[in-house]
Chemist: 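Please find one structure pasted underneath; my questions will follow.
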There are 4 protein chains.
Amino acid sequence: MKNNKPKYNQIIEAAVEVIAENGYHASQVSKIAKKAGVADGTIYLYFKNKEDVLISVFTEKMGQFIKRITDSINEKEDVREKLFVLIEMHFRQLSEDRFLAIVTQLELRQSNPDLRQQINKVLRPYLKVIDGVIEEGIQEDVFRSDLNRRLVRQMVFGTLDEVVTNWVMKEHKYDLVEQAPEVHALLTKGLSVS
Amino acid sequence: MKNNKPKYNQIIEAAVEVIAENGYHASQVSKIAKKAGVADGTIYLYFKNKEDVLISVFTEKMGQFIKRITDSINEKEDVREKLFVLIEMHFRQLSEDRFLAIVTQLELRQSNPDLRQQINKVLRPYLKVIDGVIEEGIQEDVFRSDLNRRLVRQMVFGTLDEVVTNWVMKEHKYDLVEQAPEVHALLTKGLSVS
Amino acid sequence: MKNNKPKYNQIIEAAVEVIAENGYHASQVSKIAKKAGVADGTIYLYFKNKEDVLISVFTEKMGQFIKRITDSINEKEDVREKLFVLIEMHFRQLSEDRFLAIVTQLELRQSNPDLRQQINKVLRPYLKVIDGVIEEGIQEDVFRSDLNRRLVRQMVFGTLDEVVTNWVMKEHKYDLVEQAPEVHALLTKGLSVS
Amino acid sequence: MKNNKPKYNQIIEAAVEVIAENGYHASQVSKIAKKAGVADGTIYLYFKNKEDVLISVFTEKMGQFIKRITDSINEKEDVREKLFVLIEMHFRQLSEDRFLAIVTQLELRQSNPDLRQQINKVLRPYLKVIDGVIEEGIQEDVFRSDLNRRLVRQMVFGTLDEVVTNWVMKEHKYDLVEQAPEVHALLTKGLSVS
DNA sequence: CATGAATGAGCGTTCATTCAT
DNA sequence: AATGAATGAACGCTCATTCAT
């Protein structure tokens, strides 16, 4: 179990903060080590290389993120509520963890192809969660049955992602969680009248 | 107007190709200079620094991109058609210009905070175009009047962006332009039945 | 006597194998420790530092090497035979101990000046053995009396060393011990006719 | 022609001196650059990497070394004289170029397998020169015809090499060139009386 | 005696930028 | 305007050595 290795977690937490503060490209290994209170070399006892630190940061954080959303969804019966909870939890978690929001929305996208590949792998379970809600909605005749599942997922994820990115870039000038009902209404009802 | 300086355009075009081919991180100034057929130092006669090259690339390309979409929209009367044309032209242009798609969807996001800031500035006119269509739809009672304009714009742009990004990453396995009708239907009607 | 400490010998043997297998530069202390079945730190209980390990390896191995040659020489009366036995035993031992040959002929020469100094110190007793045979040959009027002892020793050692080094680098393609008679003839009779 | 590039030669000369002074392992690129009076990066305009600098040093220096010996040999008719000239020029050149002697006899032997491979490649033409003299001697019935050419060459080269190495390590306490006649006598007449 | 986690100095190489020509 | 040789700061990673247990 990696998690009870204190240094491992120190490094992960330090990395999140350093990336959030300085951006991906200015996140030197030495800076992360310093913030974690360990020697540079110590990082290489717990991680293969710098990229491995970044992937691990994302994996650890997204793992928790997805787990909390899944748990919340599972508490609901109604598929409309499930979608609402997904949106709200998505916003709430990134709202409450400033560093996580910066790291996931902005900094980790500035990565090389290999790293992006890994990030997408970690993201996939979350996309599966979205797919599950959509599928359930279709089965229950709550969502239209002629929907292209892939496009729906892309609309849902793309919308949430864009809303959060804008909120991060606007430096949190408004409350993100409060956007949930309107976003939910938009996604379910669309733009059109009636 | 810088544009009638032939070397300026040579460098811009070379930069797009180099970034699309090699990715952002492997796009050294010397590589761009070589492809453009100029000396390394020449680039600094036309651009302040490397970042300025990249911003200029994005500005030039997005300028054309937005102009074509605006022109197409202006040919239509019906606001529903305008939204459709916006979606279709968005997909069509990125579909037809492989380099542009790679550069805008993936490579230019791997930039430092300053560069991202600039990219967003260039993107703003496009967001205004989207805002215009939405506003018009609301005025004409085609779109609901209780909509939060910002959120709608984020849904529209977020969805288009995510669809294109996925298409780029899936290595163009399917036809992007063909997705337009369904995306249009999704955005206007939402997920729900009736 | 260090030698009855089992760990000491484990480390020496491990070091020879690691150097022979991986080469001098890839012979990290941790690799030697692992092969010896001890902790990294344990090595520092028996040796001052890494260099000390290497010097000790060479000292131990050359000690045996020289002892065996000396013993063999002492079994012979005739000085021509003594020289022959020296040559043959030199070749035989390096022929039979692949690790020793690699370590002495190639890998330990890739060492820093301090270490080379030490290696030469260890080599000195062997040079004394050669000197002894030469001196005896001169006393017995078997070798010419006008010889510069130092140069003779350098010819003998230089020749043996070069023959073995070439054999190691040619990856043992021919039998080293079989070269002994010809080398002996060359050294005693020289190149010239008559 | 690399040779008229002044920086190329500055770097080569600086490298010889730095290696001779500090030893192979303490010859950092930055130290060579400093001594050459160029920036670190400049070295990489003229050499692929650090190893390439070292190989080039050896190649350049050995090229001159071999050429001078060959030229001197060609001035002689008698094969005994040719061998003598080879020995004398070998000693003379290393005697006159302190740095070259240190670099070739000691420091470049402290190199990794790849580099040694290259060094041997550079050395080969010299071994061919020795082979040529031996062969000529045999053809002219000056040297015995039953000689194993390879072993003879190893004796000649091994002896010269060992004599020079000892001279370098003894810090030039005696005159190297003066050793030539005796070494020549030893190689041609061997150790034995009559 | 023995361990092995932790340390941190050290270095080869890249590449954006400059400037003499 | 154009060149391209030269610059030098910056950084990820290794590994010999230490020391608390």
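Lettering follows sequence order; numbering is per chain, from 1. Atom set for the values below is all heavy atoms of this structure, side chains included, hydrogens, waters and symmetry mates excluded.
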Chemist: Given atom NZ of A:Lys34 and atom P of F:dG12, what is their separation to the nearest angstrom?
Modeler: 15 Å

Chemist: Quick check on side chain to side chain donor-acceptor pair (under 3.5 Å): which of D:Glu13, D:Gln10, D:Glu21 does D:Lys35 satisfy it with?
Modeler: D:Glu21

Chemist: Within the pair A:Lys7 and E:dA6, is there a side-chain N or O less than 4.0 Å away from OP1 or OP2?
Modeler: yes

Chemist: F:dT18 P sits how many Å from C:Lys50 NZ, rounded?
Modeler: 15 Å

Chemist: Taking for each residue the nucleotide of DNA chain F bearing the nearest heavy atom, is the 5' side occupied by D:Gly37 or by A:Thr42?
Modeler: D:Gly37

Chemist: Whole-Å distance between E:dT18 C1' and B:Phe47 CZ?
Modeler: 18 Å

Chemist: Would you indicate, yes or no, if F:dC15 has its OP1 or OP2 atom less than 4.0 angstrom from a side-chain nitrogen or oxygen of C:Ser30?
Modeler: no

Chemist: Taking pairing as Watson-Crick or G-U wobble with both contacts under 3.5 Å, can you name the mate of F:dG12, or confirm there isn't one?
Modeler: E:dC11

Chemist: B:Asp40 CG to E:dA16 P: how many Å, rounded?
Modeler: 9 Å

Chemist: Let's see if you can work this out: which of E:dG4, F:dA1, E:dT3 has an atom nearest to the side-chain heavy atoms of B:Leu45?
Modeler: F:dA1

Chemist: Under a 3.5 Å threshold, yes or no: a donor from one side chain and an acceptor from the other, between B:Asn22 and B:Gln28?
Modeler: no

Chemist: In whole angstrom, what separates B:Ile43's CD1 from E:dA16's C1'?
Modeler: 10 Å

Chemist: Should D:Ile12 and D:Phe47 count as side-chain neighbours, where that means a heavy-atom distance under 4.5 Å?
Modeler: yes

Chemist: Choosing from E:dA5, F:dT17, E:dT7, which nucleotide comes nearest the side chain of A:Tyr46?
Modeler: E:dA5

Chemist: Quick one: D:His25 NE2 to E:dG10 C1', roughly how many Å, whole number?
Modeler: 14 Å

Chemist: Closest approach to the side chain of B:Ala39, judged atom by atom: which nucleotide of F:dG4, E:dT17, E:dA6 is it?
Modeler: F:dG4

Chemist: With a cut-off of 6.0 Å (strictly less than), are more than 12 heavy atoms of other residues, nucleotides or ligands near CD of C:Glu51?
Modeler: yes

Chemist: Considering only side-chain heavy atoms of A:Tyr44, which listed nucleotide, F:dA6, F:dG12, E:dA16, is closest?
Modeler: F:dG12

Chemist: Of the candidate nucleotides E:dT7, F:dA1, E:dG12, which contains the atom at the shortest distance from the side chain of D:Gln28?
Modeler: E:dG12

Chemist: Any side-chain heavy atom of B:Lys61 within less than 4.5 Å of one from B:Thr104?
Modeler: no

Chemist: Using a 4.0 Å heavy-atom cut-off, does A:Val29 contact any base of the nucleic acid, only the sugar-phosphate backbone, or nothing at all?
Modeler: sugar-phosphate

Chemist: Tell me: OH of B:Tyr24 to C1' of E:dC15, nearest whole Å?
Modeler: 13 Å

Chemist: Identify the nucleotide, in any strand shown, that forms a Watson-Crick or G-U wobble pair with F:dA20, with both distances under 3.5 Å; if there is none, say none.
Modeler: E:dT3

